[in-house]
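So the structure is just underneath, and the comments pick up after that.
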Protein chains: 2
Amino acid sequence: MRTNTRYTEAIQILCYIAIKQSNLPTSDKIAKSINTNAVVVRRIFKMLKDAELINIKRGYGGCSLKKETNEITLLDVYKAVETAENRQIFKFHEGLSASCVIGSKIEEILKEPFQEAQIALEEKLNNVTLENVIFNIEKQIIS
Amino acid sequence: MRTNTRYTEAIQILCYIAIKQSNLPTSDKIAKSINTNAVVVRRIFKMLKDAELINIKRGYGGCSLKKETNEITLLDVYKAVETAENRQIFKFHEGLSASCVIGSKIEEILKEPFQEAQIALEEKLNNVTLENVIFNIEKQIIS
DNA sequence: ACTCTATGTAACATATATAGTTACAATAGG
DNA sequence: CCTATTGTAACTATATATGTTACATAGAGT
């Protein structure tokens, strides 16, 4: 399990903005809603803004989606907040290849299946849009 | 990226045992080979043993594979060393569902696509056996 | 122009997981 | 019994993420 919760928080932030519980979503309101601190939200804001998923205004405040909910997939959000290089899921030990014939080859050999696995995972994330998620939220709220 | 390197180390340990660079592989020899500490190797030993992938003897020492290399997949190894509950890749913020209508639903809604993505990833890992990896190592060594 | 409000960001504290290390008891082969 | 190795506890170090305070900066409305 990843040690960070940014991804799920980012999804929730986007849902909050899309559903517009408040007509002026601010980092403070969102923070209260997702049970964290406003600065944490702003840090995620920055990542989502850099990924061109949201617009943010200073001063009067308020943020909005930069795309339609059906144009934002869970993969887009993942790409926005995942900091690991190339979003690699598995990590190699430093100096692995230094002292051993096996070690010197294994990283290169494992790269291919690891890459394939990552692509398979990301394709699934790409199949789900923010619209899908919000539809399910609203369905649950109504029922 | 995961913050741990146990998985790739475990794969390397198994390769080392299979190829039997030494006719008596010990935690100390393997540790030197993968550039880490013997206790780190023993901790991974324990996980591989609990998963019934290797046999370990005290005293005289030495360990061996409990299955053929074509019966051990990268998924088996992953299952052996991944400590996160159900090997969930994505983590939810604590108390996420406490204070918000969206938050109270979102965890449940995201579980399904996350689960699908995880399965897709694991299926790819399940397609590669230790035999495949070792074949590639030996191919590289020869050429 | 002034004021208010919210963002942007630095700085520091805290929490957690991992990895490295030392030490030593327990165990099994010879 | 001796020796080598595992099993494991205990501690340290490190990295990453998160929580928090503080304050400069910017933009909307008056």
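In this text the structure is predicted, and so the values were computed from the model without any measurement. Chain letters run A, B, ... following the sequence lines, proteins first and then strands; every chain starts at 1.
The distance from atom CG of A/L48 to atom P of C/dT7 is 13 Å, rounded to the nearest whole Å. Per the geometry, CE belonging to B/M47 stands 13 Å off P belonging to C/dA17, to the nearest Å. The interatomic distance linking A/R42 (CZ) with C/dA6 (P) rounds to 10 Å, in whole Å. Between A/I30 atom CD1 and C/dT5 atom P the separation is 19 Å, expressed in whole Å.
The shortest side-chain heavy-atom distance between B/V133 and B/L74 falls under the 4.5 Å cut-off. No side-chain heavy atom of A/I13 sits under 4.5 Å from any side-chain heavy atom of A/I54.
For the salt bridge (charged side-chain N to carboxylate O under 4.0 Å, His left out) test, residues two or more places apart in sequence or in another chain that qualify with A/E116 are B/K124. By the ring pair (Phe, Tyr, Trp, His ring centres under 6.0 Å) test, B/Y7 pairs with A/F90, A/F114, B/Y78, sequence neighbours left out. Legend: residues meeting side-chain contact (heavy atoms from CB on, under 4.5 Å) with B/A38, ordered by chain and number and at least two apart, are B/S27, B/D28, B/A31, B/R42.
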Nucleotide N/O of nucleotides 18-21 of chain C paired with protein N/O under 3.5 Å:
residue: C/dA19; atom: OP1; partner: B/T5; partner atom: N; Å: 2.3
residue: C/dA19; atom: OP1; partner: B/T5; partner atom: OG1; Å: 2.5
residue: C/dG20; atom: OP1; partner: A/H93; partner atom: NE2; Å: 3.1
residue: C/dG20; atom: OP2; partner: B/T36; partner atom: OG1; Å: 2.6
residue: C/dG20; atom: N7; partner: B/R43; partner atom: NH2; Å: 2.9

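Note on the helix from C/dA1-D/dT30 to C/dG30-D/dC1: terminal axis deviation equals 30°, with five pairs used at each end and the result rounded to 10°.
A close approach under 4.0 Å does not occur between any side-chain nitrogen or oxygen of A/K49 and OP1 or OP2 of C/dT7. Between A/S27 and C/dA6 there is no side-chain N or O to OP1 or OP2 distance below 4.0 Å.
With hydrogens and angles ignored, the 3.5 Å screen pairs no side-chain donor or acceptor of B/E123 with any backbone N or O of A/A120. Here the side chain of A/Q140 pairs no donor or acceptor atom with the backbone of B/E108 at under 3.5 angstrom. When atom types are taken as modelled, the side chain of A/T69 and the backbone of A/L130 share no donor-acceptor pair closer than 3.5 angstrom.
Scanning both residues, A/E71 and A/D76, for their nearest heavy atoms gives O-OD2, 3.6 Å. Nearest heavy atom pair, residue A/Q12 against residue B/I106, reads CA-CD1, 3.8 Å.
Linking ILVMFWY residues whenever their side-chain heavy atoms come closer than 4.5 Å, directly or via other members, places A/I11 and A/M47 in the same cluster.
Summary of the strand contacts: A/G59 and B/Y60 both lie near DNA chain D, and taking for each the nucleotide with the nearest heavy atom, the more 5' one is attributed to B/Y60.
You can see that DNA chain D meets the heavy atoms of chain B within a 4.0 Å-exclusive cut from D/dA4 to D/dG19, reading 5' to 3'.
At a cut-off of 3.5 angstrom, counting only N and O atoms as typed in the model, there is a donor on one side and an acceptor on the other between the side-chain of B/R58 and the base of C/dA26.
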